[in-house]
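Structure first, commentary second.
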Amino acid sequence: MITTARTTTALTVAGVLACTALTGCGGGGSAPGALAPPPKASAPPSSAPASDSASAPATAPASDSASASASASPKKPPTMAPGPAGRTPVFERRATGGGAAGRSAEKVVALTFDADMTADQGPRAASGERFDNPDLIALLRRSKVPATVFMTGRWAEEYPAQAKAIGADPLFEVANHSYSHHAFSSPCYGLPVVEKAAMTADVRRAFTAFRKAGVRNVVPYFRFPGGCYDDAALRALAPANVTAVQWDVVSGDAFATDADAVARQVLDGVRPGSLVVMHCTRSAAPATEAAVRRIVPELRARGYRFVKVSELMGNGGGR
């Protein structure tokens with residue numbers, strides 16, 4: 001139960017300066033170790049899908065090469081039940097205690113990638129700055145790694161062909177990272193702030209952008225820009241009928257240039273049921289692809305299977 005305002009985590013000074021300039025942090029730090037894990041959520045999972053008409057359920061399974069059928073995404077993505085007084089529920093990772101026998105120790109991990117672009121970054125994209133990372137997506141495909149991409153509506157507008165291709169690939173599912181990538185609580189790394197009355201509209205506008213781009217495999221999950229939220233945001237966002245998704249492992253890839261350091265932070269932090277936050281933007285996370293090249297084979301060697309958030313949430317609950 002979340003009853004008090006969430007205190008946003010601190011970045012290093014360099015990360016704060018970089019994030020203020022790029023306004024596209026999406027929950028990562030400027031370097032490994034910069035962000036702390038998000039708060040826990042206590043609402044139980046529900047098998048019913050979200051009812052927001054703008055969100056579309058995943059339509060095809062995805063598979064880790066280690067287990068094709070086991071990592072299939074359900075046709076009706078699981079969500080969590082609303083919190084007290086209808087607050088938006090928050091999912092962080094699979095629960096590690098209780099549940100089905102053996103489930104708590106199952107070696108599964110969800111890699112998530114924030115496709116960040118703020119509403120005012122169009123001129124920068126027009127001048128050649130790249131907020132996409134097609135090489136990273138190609139690597140995930142070659143490696144047969146299921147993943148959840150948290151996409152802003154502005155990103156889908158800027159890269160509609162890529163957004164459509166990601167959504168059409170059963171290896172992936174697309175979740176909502178807001179339309180504007182503005183903050184839903186303040187302070188939040190220098191991001192502009194969405195007014196409480198406009199929060200639901202911002203989320204729905206992103207779903208609309210996905211539809212216009214032809215994105216399929218959309219799931220009713222939402223990640224707060226910067227990972228920043230408070231109790232007022234959870235209340236204001238309730239009409240959107242989404243489950244907020246945070247993380248327990250911070251990759252530190254935002255603005256990082258040392259791929260080995262990013263990989264080490266992920267490998268040191270992953271536990272059975274973990275949810276990792278990374279980025280899918282070349283300008284703001286240039287080392288991510290190289291880090292993933294090390295992370296994937298190492299975690300597989302340790303016996304881990306990669307899953308999308310929908311499977312992580314649906315099998316074994318969460319917190």
Side-chain angles (χ1 to χ4, degrees), residues 15 25-38 62-68 70-71 73 92-94 96 105-116 132-151 166 169 171-175 177 223 227 245-313:
C25 289
S30 63
L35 272 177
S63 60
D64 187 330
S65 59
S67 176
S71 56
S73 182
E92 177 187 338
R93 56 163 293 148
R94 176 177 287 180
T96 54
E106 184 182 9
K107 286 190 169 183
V108 292
V109 58
L111 300 185
T112 68
F113 298 89
D114 291 357
D116 291 349
D132 61 343
N133 195 337
D135 290 342
L136 171 62
I137 297 299
L139 172 63
L140 295 172
R141 286 184 172 125
R142 289 195 306 273
S143 305
K144 297 182 173 60
V145 176
T148 303
V149 178
F150 285 84
M151 189 180 295
I166 292 170
D169 192 331
L171 196 64
F172 307 124
E173 61 189 10
V174 174
H177 196 32
R223 175 165 286 162
V245 175
Q246 295 287 90
W247 55 83
D248 68 303
V249 178
V250 178
S251 69
D253 66 336
F255 307 104
T257 56
D258 187 340
D260 287 338
V262 173
R264 284 196 302 272
Q265 177 148 316
V266 172
L267 294 171
D268 289 346
V270 165
R271 300 291 183 270
S274 278
L275 199 157
V276 183
V277 59
M278 305 186 82
H279 293 79
C280 186
T281 55
R282 277 182 282 182
S283 65
T288 304
E289 180 198 351
V292 170
R293 289 180 183 275
R294 177 181 170 188
I295 291 167
V296 168
E298 176 62 29
L299 286 179
R300 280 181 169 154
R302 296 180 186 181
Y304 278 90
R305 179 170 62 88
F306 295 98
V307 299
K308 294 179 282 190
V309 170
S310 56
E311 180 175 346
L312 199 69
M313 191 181 302

Determine whether a donor-acceptor pair (N or O, by modelled atom type, separation under 3.5 Å) exists between the side chain of [X] and the backbone of [Y].
| X | Y | result |
| --- | --- | --- |
| Arg302 | Leu267 | yes |
| Ser143 | Leu140 | no |
| Asp169 | Phe172 | no |
| Thr148 | Val309 | yes |

Please report the shortest heavy-atom distance between [X] and [Y], naming the atom on each side.
| X | Y | answer |
| --- | --- | --- |
| Ala285 | Asn133 | O-ND2, 4.5 Å |
| Val276 | Ser251 | CG1-CB, 4.4 Å |
| Gly269 | Ser274 | O-OG, 4.0 Å |
| Lys107 | Gly303 | CB-O, 3.5 Å |
| Ala259 | Ala290 | CB-CB, 3.5 Å |
| Gln265 | Gly252 | NE2-N, 4.0 Å |

Given side chains that start at C-beta, do those of [X] and [Y] come closer than 4.5 Å, heavy atoms only?
| X | Y | value |
| --- | --- | --- |
| Val245 | Met313 | yes |
| Leu136 | Phe113 | yes |
| Phe306 | Lys144 | no |

How about [X] and [Y]: does a side-chain donor come under 3.5 Å of a side-chain acceptor?
| X | Y | value |
| --- | --- | --- |
| Thr281 | Asp116 | no |
| Arg223 | Thr112 | yes |
| Ser310 | Glu173 | yes |

Going through the distances and angles, do Lys308 and Leu312 end up as a side chain to side chain contact (heavy atoms under 4.5 Å, CB included)? CA-CA 6 Å; Lys308 294 179 282 190; Leu312 199 69; over 6 Å; no
Contacts of type salt bridge (charged side-chain N to carboxylate O under 4.0 Å, His left out), residue Arg294, not counting sequence neighbours: none
Contacts of type salt bridge (charged side-chain N to carboxylate O under 4.0 Å, His left out), residue Arg282, not counting sequence neighbours: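 In terms of salt bridge (charged side-chain N to carboxylate O under 4.0 Å, His left out), with neighbours along the sequence ignored, Arg282 is linked to Asp132.
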Would you give the length of the straight line joining atom CG of Asp248 to atom CG of Leu275, rounded to the nearest 0.5 angstrom? 6.5 Å
What verdict does the side chain to side chain contact (heavy atoms under 4.5 Å, CB included) test give for Ile295 and Met278, after you've listed the backbone C-alpha separation in whole Å, the side-chain angles of each residue and the deciding distance to 0.1 Å? CA-CA 12 Å; Ile295 291 167; Met278 305 186 82; 3.9 Å; yes
Would Arg305 and Glu311 satisfy salt bridge (charged side-chain N to carboxylate O under 4.0 Å, His left out), going step by step from the backbone distance to the final call? CA-CA 11 Å; Arg305 179 170 62 88; Glu311 180 175 346; 2.9 Å; yes
Test side chain to side chain contact (heavy atoms under 4.5 Å, CB included) applied to Val145 and Leu111, step by step: CA-CA 9 Å; Val145 176; Leu111 300 185; 4.1 Å; yes
Quick one, Cys280 with Ile137, criterion side chain to side chain contact (heavy atoms under 4.5 Å, CB included). Give me CA distance, side-chain angles, the key distance, then yes/no. CA-CA 8 Å; Cys280 186; Ile137 297 299; 4.0 Å; yes
